[in-house]
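Some notes on the structure that comes next.
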Amino acid sequence: MAARIIDGKAIAAELRAAVGAETRRLAAERGLVPGLAVVLVGDNPASKAYVGSKSRAVVEAGMRPLDHHLPADTSEDALIALVRKLNADPAVHGILVQLPLPPQIDASRIIASVDPDKDVDGFHPLNAGRLASGLPGLAPCTPLGCIKLAKTVHASLAGLEAIVIGRSNIVGKPLAQLLLAENATVTIAHSRTRDLPALCRRADLLFAAIGRPEMVRGDWIKPGAAVIDVGINRVADGGKSRIVGDVCFAEAVTVAGAITPVPGGVGPMTIACLLVNTLRAACAQAGLAAPGV
Ligand code: GUN
């Protein structure tokens with residue numbers, strides 16, 4: 001039997017609508033309009049497209065977009081000066097510096113310069129530490145989206161065997177921490193892992209965040225498992241190109257119980273969770289209770 005397709009686009013649209021409703025209530029009752037500063041350095045076409053989608057989603061949710069576009073030759077000091085200005089601006093509740101950054105800028109220094117309470121990407125080491133310690137903080141958006149998608153399959157993840165393939169600071173590591181917080185039993189696999197297919201076959205939940213087109217094959221998947229594919233890989237297809245995930249969808253869909261498509265799975269959830277983080281950050285900065293989304 002074919003797997004249920006997890007419709008990330010529809011789930012993200014629902015979440016964005018819920019954030020929009022809560023944001024408008026906040027504006028009406030408290031006069032608080034969450035502001036998100038998005039900083040783009042240079043002209044990377046993929047980054048420009050991401051930033052454009054983020055700004056549109058911010059406006060649609062009733063939040064204030066504060067976009068900054070800097071030239072590709074911006075110095076590290078100039079970017080840090082801008083981040084410090086945004087840190088000090090009370091109209092800015094969230095700050096996102098789009099990655100990757102040009103080679104003259106050390107991304108880790110920029111991430112560390114963002115006020116952790118405005119760090120809607122959840123990349124600051126203090127937020128990574130809070131997440132690992134089970135303390136309240138801001139967690140990265142893509143892993144948050146993955147958890148929300150997994151929970152549309154299993155209301156509780158407690159006791160389930162989860163495998164996370166990939167150990168990046170942006171996806172793999174924080175995703176593993178969020179799964180632990182949900183009481184799943186978590187394995188983190190990576191390029192040095194031995195017998196990855198056998199490890200994958202144990203998993204009730206499989207998260208692929210490797211960045212290699214269609215690496216996870218159908219016979220790696222436990223029958224009935226939920227498969228969440230974080231990969232976005234552009235591959236040549238005749239004279240054109242198409243986007244595929246890290247999972248071979250055509251094979252996996254015949255084995256899994258539920259699976260995210262690429263595109264239309266995890267991708268749309270990242271932006272929806274960015275709005276959630278911005279709303280949460282605004283509430284926390286105003287001393288209000290966490291929103292119900
Ligand atoms: N580049 C690709 N994805 C992301 C993201 O989630 N946040 C930031 N800041 N940059 C990115």
Side-chain angles (χ1 to χ4, degrees), residues 6 8 50 96 98-100 107-108 111-112 119-135 137-151 153-154 157 160-217 220-222 225-233 243-249 252 256 259-260 262-263 265-274 277:
I6 304 170
Y50 283 134
L96 181 149
Q98 184 68 25
L99 303 177
S108 65
I111 289 167
D119 171 36
V120 286
D121 259 331
F123 293 167
H124 192 289
L126 186 64
N127 280 320
R130 285 169 171 161
L131 179 59
S133 307
L135 297 170
L138 291 162
C141 304
T142 300
L144 283 173
C146 290
I147 297 288
K148 286 188 190 290
L149 292 178
K151 284 186 147 188
V153 182
H154 297 282
L157 309 184
L160 296 178
E161 287 227 29
I163 187 161
V164 177
I165 318 175
R167 55 175 157 178
S168 71
N169 288 339
I170 293 179
V171 183
K173 280 187 234 168
L175 176 55
Q177 294 294 353
L178 289 168
L179 285 163
L180 262 184
E182 295 286 340
N183 300 308
T185 300
V186 186
T187 300
I188 307 178
H190 46 77
S191 53
R192 307 282 182 93
T193 295
R194 277 183 286 144
D195 203 355
L196 181 57
L199 268 185
C200 288
R201 278 191 286 268
R202 293 175 45 150
D204 307 300
L205 302 170
L206 187 152
F207 298 87
I210 319 143
R212 288 220 200 174
E214 300 182 323
M215 189 177 103
V216 176
R217 309 306 301 256
W220 296 22
I221 294 165
K222 177 175 169 175
V227 176
I228 310 291
D229 190 349
V230 184
I232 301 177
N233 309 289
I243 303 283
V244 299
D246 291 346
V247 177
C248 178
F249 184 87
I259 185 168
T260 57
V262 176
V266 173
M269 292 300 287
T270 298
I271 291 185
C273 290
L274 174 67
N277 274 354

Listed partners of [X] passing side chain to side chain donor-acceptor pair (under 3.5 Å), at least two apart:
X      : result
Asp121 : none
Ser108 : Asp106
Lys222 : Asp204
Thr270 : Thr142

Once you round to the nearest 0.5 Å, how far does [atom1] of [X] lie from [atom2] of [Y]?
X      : Y      : atom1 : atom2 : answer
Leu144 : Leu274 : CG    : CG    : 10.5 Å
His190 : Leu196 : NE2   : CG    : 10.0 Å
Cys248 : Met215 : SG    : CE    : 12.5 Å

Under a 4.5 Å cut-off applied to non-hydrogen side-chain atoms, are [X] and [Y] in contact?
X      : Y      : answer
Leu157 : Asn183 : no
Asn233 : Asp246 : yes
Pro140 : Ile170 : no
Pro197 : Arg217 : no
Ile188 : Leu175 : no
Leu205 : Ile163 : no
Ile259 : Ile6   : no

Member of Thr187, Val171, Val230, Leu179 meeting the side-chain contact (heavy atoms from CB on, under 4.5 Å) criterion with Val164: Leu179

Please find the pair of heavy atoms, one from [X] and one from [Y], that lie closest to each other, and give the distance.
X      : Y      : value
Ala150 : Ile228 : N-CD1, 4.1 Å
Asp229 : Val266 : O-CG2, 3.4 Å
Gly8   : Pro268 : O-CB, 4.0 Å

Does Cys146 form a side chain to side chain contact (heavy atoms under 4.5 Å, CB included) with Met269? I'd like the steps, not just the answer. CA-CA 8 Å; Cys146 290; Met269 292 300 287; over 6 Å; no

side-chain contact (heavy atoms from CB on, under 4.5 Å) partners for [X], two or more places apart:
X      : result
Val216 : Ile165, Leu206, Ala208, Ile210, Trp220, Ile221, Val247
Ile111 : Leu99, Phe123, Pro125
Leu138 : Asn127, Asn277, Ala281

Do any pairs count as a salt bridge (charged side-chain N to carboxylate O under 4.0 Å, His left out) and have a residue in residues 185-196, sequence neighbours left out, and if so which ones? none

Partners of [X] by salt bridge (Lys or Arg N to Asp or Glu O under 4.0 Å), sequence neighbours excluded?
X      : result
Arg201 : none
Arg202 : Glu161
Glu182 : Lys151

Scan residues 168-180 for pairs that pass side-chain hydrogen bond (donor to acceptor under 3.5 Å, both in side chains), counting only residues two or more places apart or in two chains. Asn169-Lys173

Counting neighbours of OH on Tyr50 that are heavy atoms of other residues, nucleotides or ligands and sit closer than 6.0 Å, is the number greater than 12? no

